[in-house]
Amino acid sequence: MSKSSFIELLASDLNHQGGVYCPSPKADMKIWNSHPKVYLDVARTGEAKCSYCGTVYKLKAGEHFGGGH
């Protein structure tokens, strides 16, 4: 088993829905297909953890996604 990683994201790293996919190039994973592709909704709470590898994707302090209309 690999150790868990922590990935700090900018709001601009999120897709238009406020999420990212894991595995991700941001996580510097050596094997791109190390587990099935998982969508993680980071914008909802500011962070999300992959249930397969344990990598935590978190918005950098001060970063905000979206806004009111």
Side-chain angles (χ1 to χ4, degrees):
M1 280 285 180
S2 63
K3 63 180 179 138
S4 295
S5 297
F6 174 79
I7 309 301
E8 199 170 53
L9 301 170
L10 300 175
S12 60
D13 293 326
L14 304 181
N15 68 16
H16 68 281
Q17 295 173 321
V20 295
Y21 286 96
C22 187
S24 166
K26 290 265 179 206
D28 193 30
M29 293 178 178
K30 301 303 178 204
I31 302 174
W32 66 267
N33 61 349
S34 56
H35 64 67
K37 189 175 184 180
V38 179
Y39 179 76
L40 302 170
D41 184 358
V42 176
R44 187 168 54 86
T45 63
E47 71 177 62
K49 182 177 181 178
C50 177
S51 58
Y52 283 97
C53 66
T55 299
V56 175
Y57 294 85
K58 183 174 182 174
L59 278 176
K60 186 175 182 177
E63 288 288 308
H64 301 283
F65 178 80
H69 290 275

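These values consider heavy atoms only, across backbone and side chains, with no hydrogens, waters or symmetry-generated copies.
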Where do [X] and [Y] come nearest, in terms of heavy atoms and distance?
{"X": "Phe65", "Y": "His16", "answer": "CZ-O, 3.6 Å"}
{"X": "Thr55", "Y": "Cys22", "answer": "CB-SG, 4.4 Å"}
{"X": "Pro23", "Y": "His35", "answer": "CD-CE1, 3.3 Å"}
{"X": "Asp13", "Y": "Val20", "answer": "O-CG1, 3.9 Å"}

- Which other residues belong to the hydrophobic cluster containing Tyr39, where Ile, Leu, Val, Met, Phe, Trp and Tyr are joined when side-chain heavy atoms lie under 4.5 Å apart, directly or via other members? Tyr21
- Contacts of Glu8 that satisfy side-chain contact (heavy atoms from CB on, under 4.5 Å) - sequence neighbours left out: Phe6, Lys60
- Task: Mark yes or no for whether Glu47, through its side chain, and Tyr57, through its backbone, hold a donor-acceptor pair below 3.5 Å.
- Result: no
- Message: Tell me which one of Ile7, Leu14, Val56, Asn15 satisfies side-chain contact (heavy atoms from CB on, under 4.5 Å) with Val42.
- Response: Leu14
- Query: Going from CG on Leu40 to NZ on Lys58, what distance comes out if it is rounded to the nearest 0.5 angstrom?
  - Reply: 15.0 Å
- Message: Between Glu63 and Ser12, is the side-chain contact (heavy atoms from CB on, under 4.5 Å) condition met? List the steps.
- Response: CA-CA 9 Å; Glu63 288 288 308; Ser12 60; 5.7 Å; no
